[in-house]
Amino acid sequence: MSQTIPALPTEEPLVLRLRFRRQRAALDDGIIAEHSAAISDHARRCLRLLRPRTLAGYFGIRGEIDILPLLEQQSARGIRIAMPILESHRSGRMHFRSWHPDAPLCHNAFGIPEPCHDAPRVWRRELDIVLLPLVAFDSAGYRLGMGGGYYDRYFARRRFGFHRPRLIGIAHGFQQVPRLERQPWDVPLDGVITEAGWTGFQRLPGERAD
C-alpha cells in the first residue's frame with residue numbers, strides 16, 4: 001500500500017511568490033554575501049564528492065544567492081559550466097549554453113545576464129548537476145519558481161529518458177515552507193543547499209519522482 005504525503009495547509013502560489021520575493025529583495029547586502037559564502041562552501045564539498053563533468057548554474061538577481069565565485073572556481077578546475085538562456089522564438093522555453101568567466105554576456109527580456117547566442121550549446125544529456133534558484137521549497141523537495149515554468153518544462157523526465165541530472169536548489173533557509181501546492185508538471189529537486197547546509201530528499205513509496 002503506497003503512502004501519501006499528509007495534507008498540510010498550503011498558501012496560494014501567487015501569495016507565497018509575492019511574499020518571498022519581497023522578503024528576499026529586502027535582504028541586506030551583507031546577509032546575502034554571508035549566505036552566499038556559506039552556501040558556496042557547502043556546495044564545494046558536495047561537488048568534490050559528486051565530481052560533475054558539466055555543471056549548470058545561474059546568474060543571481062534581486063536577493064538570490066550569488067554563486068558566480070563558486071562557478072568561477074569550478075571552471076578553473078576544468079569543469080564545464082553551463083548557464084540558462086531564454087529562447088526568443090519560443091515563449092516559456094530555455095536551454096543551456098557554455099559559459100566561462102571571460103565570456104561576453106548578453107541580457108534577456110527580463111534584463112538577466114545570459115550567454116550570448118554564439119556560445120556553444122550544452123545539450124540536456126550532457127548536464128550532470130544543475131544548481132538552480134527558487135522562490136520557495138518544501139520538505140519533500142518541491143520547488144516554487146518565478147512562475148514562468150522554464151525549469152519544469154526543460155527538466156520534464158520524458159525529455160531525458162533514464163538520464164536526468166541531479167537538480168540542486170540554492171536558497172536562503174527562510175525560503176523553506178512545510179508544503180507547497182503540487183502540480184502534475186512539477187519536477188522535484190534531489191536536494192537543496194542553504195546557509196545551514198545540504199538537505200537531500202527521498203521519495204515516498206508510490207510518489208512520482210518525475
### Task
Applying side-chain contact (heavy atoms from CB on, under 4.5 Å), run through L49 and R45 and close with a yes or a no.
CA-CA 7 Å; L49 294 174; R45 288 193 285 272; over 6 Å; no
### Task
With the side chain counted from C-beta on, respond yes when E181 and D186 share a heavy-atom pair under 4.5 Å apart, and no when they do not.
no
### Query
Minimum heavy-atom separation for R44 to Q73, with atom names?
NE-OE1, 3.6 Å
### Task
Would you mind reporting whether L105 and F59 have side-chain heavy atoms less than 4.5 Å apart?
yes
### Least distance between heavy atoms, E72 atom then P101 atom
CG-CG, 3.7 Å
### Query
When rounded to the nearest 0.5 angstrom, what distance separates CD in E34 from NE2 in H172?
11.0 Å
### Task
Give the minimum heavy-atom separation between L180 and R143, together with the two atoms involved.
CD1-C, 3.8 Å
### Query
Same cluster for I61 and F110 if Ile/Leu/Val/Met/Phe/Trp/Tyr side chains link at under 4.5 Å?
yes
### Query
Are Q23 and L27 close enough, and set up right, to give a side-chain contact (heavy atoms from CB on, under 4.5 Å), and what steps lead you there?
CA-CA 7 Å; Q23 189 172 349; L27 288 173; 5.6 Å; no
### Message
Just verifying a value: how many Å separate I81 CD1 and L55 CG, rounded to the nearest 0.5 Å?
### Response
4.5 Å
### Message
Which residue in the set V130, I168, D138, L132 passes side-chain contact (heavy atoms from CB on, under 4.5 Å) when paired with L189?
### Response
L132
#### Entry: Smallest separation among heavy atoms of A171 and L134, with atom names
CB-CD1, 3.4 Å
### Query
Can you check whether D190 reaches F201 side chain to side chain, under 4.5 Å on heavy atoms?
no
### Query
Is there a donor-acceptor pair closer than 3.5 Å between any side-chain N or O of R153 and the backbone N or O of R93?
no
### Message
So I39 and I170, do their side chains get closer than 4.5 Å, heavy atoms only?
### Response
yes
### Query
Hey, what do you get for CD (Q74) to CZ (R48), rounding to the nearest 0.5 Å?
9.0 Å
### Message
I'd like to know if the side chain of H100 and the backbone of D102 have a donor-acceptor N/O pair within less than 3.5 Å.
### Response
yes
### Message
Nearest 0.5 angstrom please: R19 CZ to R24 CZ, how far?
### Response
13.0 Å
### Query
Would you find a donor on one side and an acceptor on the other, under 3.5 Å apart, between the side chain of R97 and the backbone of H117?
yes
#### Entry: R53 (side chain) donor-acceptor with D128 (main chain) under 3.5 angstrom
no
### Message
Closer than 3.5 angstrom, by distance alone: can the side chain of H42 be matched with the main-chain N or O of E195 as a donor-acceptor pair?
### Response
yes
### Query
Does the ring of Y154 carry R124 above it, NZ/CZ under 6.0 angstrom from centre and within 45° of its axis?
yes
### Query
Side-chain heavy atoms under 4.5 angstrom apart, residues restricted to Ile, Leu, Val, Met, Phe, Trp, Tyr: same cluster for F174 and V135?
yes
### Query
How about Q176 and T194: do any of their side-chain heavy atoms sit closer than 4.5 Å?
no
### Query
Same cluster for L86 and W123 if Ile/Leu/Val/Met/Phe/Trp/Tyr side chains link at under 4.5 Å?
no
### Query
Do S75 side-chain atoms and L71 backbone N/O form a donor-acceptor pair below 3.5 Å?
no
### Message
So R80 and V122, do their side chains get closer than 4.5 Å, heavy atoms only?
### Response
yes
#### Entry: same_hphob_cluster(V192, W198) at 4.5 Å side-chain heavy-atom cutoff
yes
### Message
Working to the nearest 0.5 angstrom, can you tell me the gap between H107 NE2 and C116 SG?
### Response
9.5 Å
### Query
Rounded to the nearest 0.5 Å, how far apart are CD of E126 and CZ of R121?
10.0 Å
### Task
Provide the closest heavy-atom pair for P115 versus W99 in the form atom of the first, atom of the second, distance.
CG-CB, 4.4 Å
### Query
Would you say the side chain of F137 lies within less than 4.5 Å of the side chain of T199, judging by non-hydrogen atoms?
no
### Contact summary for L131 and Y58, nearest pair of heavy atoms
O-CD2, 3.4 Å
### Query
Mind checking whether H95 and I85 have side chains closer than 4.5 Å, heavy atoms only?
yes
